[in-house]
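These notes concern the structure reproduced below.
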Amino acid sequence: MGNFLQYLIVGLRLGSVYALIALGYTMVYGIIRLINFAHGDFIMVGGYTLVFCIPIMTRSGLPASVAVILAVAVCAAVGVAVELVAYRPVRKKGTKMTALITAIAMSLFLENLAQAIPPIGPNPKVLGQIFKDSGASVGGVQLGSTTIITIVISAVVMAVLQLFVKKTKLGRAMRAVSEDKEASIITGINVNRTIVITFGIGAGLAGIAALMFFAQYPTVMTTSGSMLGLKAFIAAVLGGIGIIPGAMLGGFVIGLVESFVTGYISSSLADAFVFLVLIIVLIIKPSGILGKNEGEKV
């Protein structure tokens, strides 16, 4: 029973990170139908921001975790810049295929740009301790403070985001643009502004996810966001891409599958089972767990 609880907790912790990253994917896809493959690299941007800002915070007598504010701000700024410089021109003149290629190109560009910046470079950077070593015991399983904080912060952020999208004027504008851009323009919604804000929020969530992930796995590399982004994309598709609750659900499913397979079978098969679960779900329900099947016009 102890092992089961341990794997469950690890799965929830991983799932919390995947869910937050998947929310960025699903928000952008929901509003402009673009799979932003550069989104995983925003995690890398957040990680390096933490590397350079945490020492400043600690020297100032502030908790290391306060650096997440700067990580969120930098990630949001990078997300907005990517939208304005790369995606908006392609949306105006290109096709869905050119937009997809641009997203892949931006991912590679960010990774290689990071390597070319002297303070970063190709060598890994190691974060110092972010949260104090403490915790609690549940069912005989010791819960570290990092795990508890990760799960709590993730739950709070996802609840706040859901309320924001459902209850605020800007959230309603996002949903309106997602449903019908032309009708949104007629009703006075600034579509471009709404899209930019969506990119900023999604990228900002990646900054929070970076704090939670690198607090547990403190080595930051220029490729750190690649696999994280891929698994989060799988989570978004699994839950039903474009659907916020689906991204949350998909993230937790992926995290739990990875944890239990690692614990009971083999860590080398964890990623294989993640992809296998995705394939099985999409065969049974192509639109994802919470998605709705929609016919396409031809």
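Scope of the values below: all heavy atoms of this structure, side chains included, with no hydrogens, waters or symmetry mates. As the structure is a prediction and not an experimental result, all values here were calculated from the model.
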- Message: I'd like to know if the side chain of Ser154 and the backbone of Ser16 have a donor-acceptor N/O pair within less than 3.5 Å.
- Response: yes
- Message: Working note: Arg91 + Asn192, criterion side-chain contact (heavy atoms from CB on, under 4.5 Å); need CA distance, chi angles, decisive distance, verdict.
- Response: CA-CA 11 Å; Arg91 287 205 320 274; Asn192 284 330; 3.5 Å; yes
- Rounded to the nearest 0.5 Å, how far apart are NZ of Lys166 and CZ of Arg172? 11.5 Å
- Describe, in one word, how the ring planes of Phe199 and Tyr87 are oriented to each other, choosing from parallel (under 30°), tilted (30 to 60°) and perpendicular (over 60°). tilted
- At what distance, to the nearest 0.5 angstrom, does SG of Cys75 lie from CD1 of Ile201? 14.0 Å
- Spacing of CD1 belonging to Ile120 relative to CG belonging to Leu113, to within rounding of 0.5 Å: 7.5 Å
- To which residues is Val80 joined in a hydrophobic cluster, defined by side-chain heavy-atom contacts under 4.5 Å among Ile, Leu, Val, Met, Phe, Trp and Tyr, whether direct or through other members? Leu84, Val196
- Taking His39 for its side chain and Gly229 for its backbone only, find out whether a donor-acceptor pair lies under 3.5 Å. no
- Message: Would you say the rings of Phe260 and Phe4 are close, in the sense that their centroids are separated by under 6.0 Å?
- Response: yes
- Arg33 side chain vs Gly30 backbone, donor-acceptor pair below 3.5 Å: yes
- Please assess Gln216 against Thr150 for the test side-chain hydrogen bond (donor to acceptor under 3.5 Å, both in side chains), listing each intermediate value before the final yes or no. CA-CA 9 Å; Gln216 194 73 37; Thr150 296; 5.4 Å; no
- Item | Interatomic spacing from CD in Gln162 to CG in Leu23 - rounded to 0.5 Å | 9.0 Å
- Side chain of Ser259, backbone of Tyr7: donor and acceptor closer than 3.5 Å? yes
- Just checking, is any N or O donor in the side chain of Tyr264 or Asn3 under 3.5 Å from an acceptor N or O on the other one? no
- So, Thr168 side chain and Gly171 main chain: donor-acceptor pair closer than 3.5 Å or not? yes
- Message: For the backbone of Leu238 and the side chain of Lys285, can you confirm whether one donor and one acceptor N or O come within less than 3.5 Å of each other?
- Response: no
- Message: Is it the case that the side chain of Tyr18 and the backbone of Phe233 share a donor-acceptor pair, with hydrogens and angles ignored and the cut-off at 3.5 Å?
- Response: no
- Item | Inter-residue atom distance Asp41.CG - Asn36.CG, 0.5 Å rounding | 9.0 Å
- Item | Heavy-atom donor-acceptor pair, Ser184 side chain to Ala176 backbone, under 3.5 Å | yes
- Query: Between Ser178 (side chain) and Met174 (backbone), is there a donor-acceptor pair under 3.5 Å?
  - Reply: no
- Message: Looking only at the aromatic ring of each residue, does the gap between the centers of Tyr217 and Phe213 stay below 6.0 angstrom?
- Response: yes
- Query: Would Ser226 and Glu111 count as having a side-chain donor-acceptor pair, cut-off 3.5 Å?
  - Reply: yes
- Task: Could you tell me whether the side chain of Thr58 and the main chain of Ile54 form a donor-acceptor pair under 3.5 Å?
- Result: yes
- Message: Is it true that, when you exclude Arg175 itself, more than 12 heavy atoms of the residues, nucleotides or ligands shown sit nearer than 6.0 Å to its CZ?
- Response: yes
- Item | Non-neighbouring partners of Ile153 that pass side chain to side chain contact (heavy atoms under 4.5 Å, CB included), sequence neighbours left out | Ile149, Val157, Ile208, Met212
- Linking I/L/V/M/F/W/Y whenever their side-chain heavy atoms sit closer than 4.5 Å, directly or via other members, would Ile56 and Phe52 fall into one cluster? no
